[in-house]
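A short write-up of the structure that comes next.
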Amino acid sequence: MSLHPITDVAGLHRHLEAAIQLEHATIPPYLTALYSIRPGTNSAALQVLRAVAVEEMLHLTLSANILNAVGGSPDLTVPGFVPAFPAYLPDGETDFEVGLRRFSTEAIDTFLKIERPAPADGESIRTVERPPRPTMLGAGKVADDSEEHFYSIGEFYRAIEDGLIRLEAEHGPELFAGDPRRQITPEFYYSGGGEIIPVTDLTSARAAIRLIAEQGEGDGGAIFDYEDEIAHYYRFQQLVLGRYYQAGDVAGSPSGLPVDVDWGAVYPIKTNARVSDYPEGSELRRAAEAFNRDYAGFLALLTGAFQGEPARLNDAMGDMFRLKDLAGQLMRQPLDAAGMEHAAPTFEV
Amino acid sequence: MASTDLRAEFLALSAALTGFSVFRLEGTGQTDAYLTTIGDIVGEATVDALVSVHRGLVDATGGDEAELQRGLRRELLSDAKLGPVARNLVKLWYVGTWYELPAAWRDTFGPSLRDRTFVVSPEAYTEGLLWPAVGANPAGAKPFGYGMWAKPPRIDTV
């Protein structure tokens, strides 16, 4: 997906479509690390990964609400929506790729890059330099000079917020002419990482963006956000630093209780596994293909929920737990006699 | 963890006894827990005897599944010592519970302190083959999610 500065409603739609794609792109990597933890172990890591993954689901839903509010139409079934891992994130950071790997220091290292803080308010939006080349995601448009590549997800959302403010000044409240019945409201989304915000105007759109940015990377790098919730970046950092943050701590020096991490209590799943890694005709291969089919079906269900049938979110919930079960079955399959490497879901959709 | 060979042979024997594929058995995540449980209670020599009877039958029957099943009934399930242990192994996979061996077995072959009825772990219960076999979900454990119990279970055919 090519991003250019937002000057019109179509540009705003493209950014919000990228936002939905971006929020989704973080979920398979987080879930892969989460499900690779052996049952009954690593409760601290389990909690951190689960909380973050669930909040990304909230962010995806909030982005869909904003897109619906400005007359767009979220579609999680377009070809290329799910990246082929390892992949660059769709907001244009090109100094790292995200992949599907077991819970490990390498995985957490990538997660820290995904959630890295933007500078505090007032500073300019930093972008990442890179030569023009075909993008990793989307329809393969060739980049040009004005293409945007954000250093952090927070800055990407700040660009969206700037665009919303500019376009609202230009179009007035008419900018938010989307059908309010397409909004996901608390009636349909609950206990999922925070409060869902229905978006009907600039104020609610900005509240949704603020929630996304602060849950992810903190408020201008602050450890705790305006709800006293610890940002994703610092949640992950606790696992490598081995201590919890508490109020008053300086970034990088948590002083709370020790965090117990057992990096060895993990299924040794293959990094960025592909269906083609599994023997043709094997039950393992059929199961990996079935997982991908079910995942595609799940994204179609979510699309329906975002396109006017919010009640379908409840069906999607059941699918999530079934997918978790299938992912667990795959991760328990040794790929060699000694069990040195295990299978994993491939998320090839 | 058990040697690679013993683990593979234990899975092959378990697949023959339960009717579920090695893939499905591994998918429960209970292979090592059950192999350890049975070894701790009846001893490694008895586990070796179990898998070697199966191995001998596989070699002798050359891929004839019906003949293998007849052989298992004749030489394993009817054996005074190995039969009750093999039946306990089937129960382990299906319900995640080790059942105390029959009194006659304990009198003849010697009781083990650990031979009492117990659920191997909370996961062993929810991962039991009983659930896919009867086409139901373990109540309250799968699938999670509000209102999910109102929907018919989606169970793969074996």
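What you see is a predicted model, and the numbers here were worked out from it, not measured in a lab. Proteins come first, then strands; the chains are lettered A, B, ... in the order of their sequence lines, and each starts at number 1.
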To the nearest 0.5 Å, how far apart are CD in B:E127 and CG in A:D325? 6.0 Å

Which answer fits A:N314, side chain, backbone, both or neither, if we ask what part of it has an atom under 4.5 Å from a heavy atom of chain B? both

Taking atom CG of A:D260 as the centre, report whether more than 12 heavy atoms of other residues, nucleotides or ligands fall under 6.0 Å from it. no

Does CZ belonging to A:R50 count more than 12 external heavy atoms closer than 6.0 Å? no

Could you grab the distance from atom CG of B:L25 to atom CD of A:Q329, nearest 0.5 Å is fine? 10.5 Å

Sub-4.5 Å side-chain heavy-atom contact between A:R322 and B:K142: no

So, the part of A:D336 with a heavy atom under 4.5 Å from chain B: the answer is neither

Considering residues, nucleotides and ligands other than B:E44, do more than 12 of their heavy atoms fall under 6.0 Å from its CD? no

So does B:E123 pair up with A:R38, basic N to acidic O under 4.0 Å? no

A:Q333 side chain vs B:F23 backbone, donor-acceptor pair below 3.5 Å: yes

Verify the neighbour count for atom CD of A:E195: are there more than 12 heavy atoms of other residues, nucleotides or ligands below 6.0 Å? no

By a 4.5 Å heavy-atom criterion (distance strictly below it), what part of B:T28 contacts chain A: side chain, backbone, both, or neither? backbone

